[in-house]
Peer 1: 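Handing you a structure now.
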Amino acid sequence: SGLRNSLLTSTISAALITVLSSGAGFIFARIKFRGKGFVFYFVMLLMPLPIWVSLISLFFLFSQIGLIDTIQGQVLLFVTFLMPLSVWLMSTFVRDIPSEIEDAALVDGANQWQILFRIIMPLARPGMVAVFLVSFVSTWNNFLIPLIFTRTSNAQPLTVVLTLFIGQYEVSWESMASAAV
């Protein structure tokens with residue numbers, strides 16, 4: 001149960017983060033719009049914000065909307081807190097792709113969507129893989145969020161399930177080690 005929950009939470013979170021940050025990275029790197037710098041710097045200001053600053057208010061909010069002890073609630077939290085780093089990584093990666101390639105595609109008659117899906121995204125695939133892996137590992141290894149936001153084995157990941165091997169007077173190291181493997 002814990003392994004299944006960890007796989008589900010990590011895979012869904014990493015996939016959502018990769019898709020959303022790829023689009024946002026392209027927008028911040030290539031599209032010109034009013035207030036772009038302000039919005040980008042506001043998103044970047046969220047990056048150093050530790051989660052425990054807002055844990056009490058988030059727990060209250062999630063309990064009000066029924067997302068405590070759900071995989072959807074954990075995915076929402078992980079996507080929210082890992083998004084600034086991922087947007088920064090993808091915007092930097094897309095910014096490093098030469099804009100002359102896009103200009104050549106425009107001359108050949110491609111529109112913005114074709115440029116995005118047929119040129120930029122294939123060239124940005126290594127960055128997308130890096131964002132996916134960082135997000136997956138960060139979600140998989142997280143202990144604090146699932147410990148606070150789950151109560152039963154319905155949504156507890158492996159990191160929280162392993163703590164069940166710790167008793168009041170002893171730790172079942174053999175069982176914990178074999179469960180971790």
Peer 1: List, by chain and then residue number, the residues other than Val160 in its hydrophobic cluster (Ile/Leu/Val/Met/Phe/Trp/Tyr, side-chain heavy atoms under 4.5 Å); write none if there are no others.
Peer 2: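 Noted: Val160 shares its cluster with Phe143, Leu147.
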Peer 1: Under a plain distance cut-off of 3.5 Å, with no hydrogens placed, do Thr150 and Asp69 share a side-chain donor-acceptor pair?
Peer 2: no
Peer 1: Taking the side chain as every heavy atom from C-beta outward, state whether Val131 and Trp88 have any atom pair closer than 4.5 Å.
Peer 2: no
Peer 1: Give the cluster check for Leu85 versus Leu45: same hydrophobic cluster or not, with ILVMFWY residues linked at side-chain heavy-atom distances below 4.5 Å.
Peer 2: no
Peer 1: Taking Val137 as the starting point, is it possible to reach Leu8 by hopping between hydrophobic residues whose side chains are less than 4.5 Å apart?
Peer 2: no
Peer 1: Within a strict 4.5 Å, meaning less than it, do heavy atoms of the Leu16 and Phe78 side chains meet?
Peer 2: no
Peer 1: Please examine the side chains of Met121 and Met128, heavy atoms only from C-beta on, and report whether any two atoms are closer than 4.5 Å.
Peer 2: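 Met128 reaches Met121 side chain to side chain.
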Peer 1: Please table the atom pairs, donor to acceptor, closer than 3.5 Å between any side-chain atom in residues 31-44 and protein atoms at least two apart or in another chain.
Peer 2:
{"from": "Lys36", "atom 1": "NZ", "to": "Phe28", "atom 2": "O", "distance (Å)": "3.2"}
{"from": "Lys36", "atom 1": "NZ", "to": "Ile31", "atom 2": "O", "distance (Å)": "3.3"}

Peer 1: For Arg95, I'd like to know if atom CZ has over 12 heavy atoms of other residues, nucleotides or ligands within 6.0 Å.
Peer 2: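 Result for CZ/Arg95: enclosed.
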Peer 1: Are Ile17 and Met47 linked, directly or through other ILVMFWY residues, by side chains that come within less than 4.5 angstrom of each other?
Peer 2: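 Yes, same cluster.
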Peer 1: Determine whether Leu76 and Phe62 make a side-chain contact, defined as any pair of heavy atoms from C-beta on separated by less than 4.5 Å.
Peer 2: yes
Peer 1: Do Leu58 and Phe81 make a side-chain contact, defined as non-hydrogen atoms from C-beta onward lying under 4.5 Å apart?
Peer 2: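 Yes, their side chains come closer than 4.5 Å.
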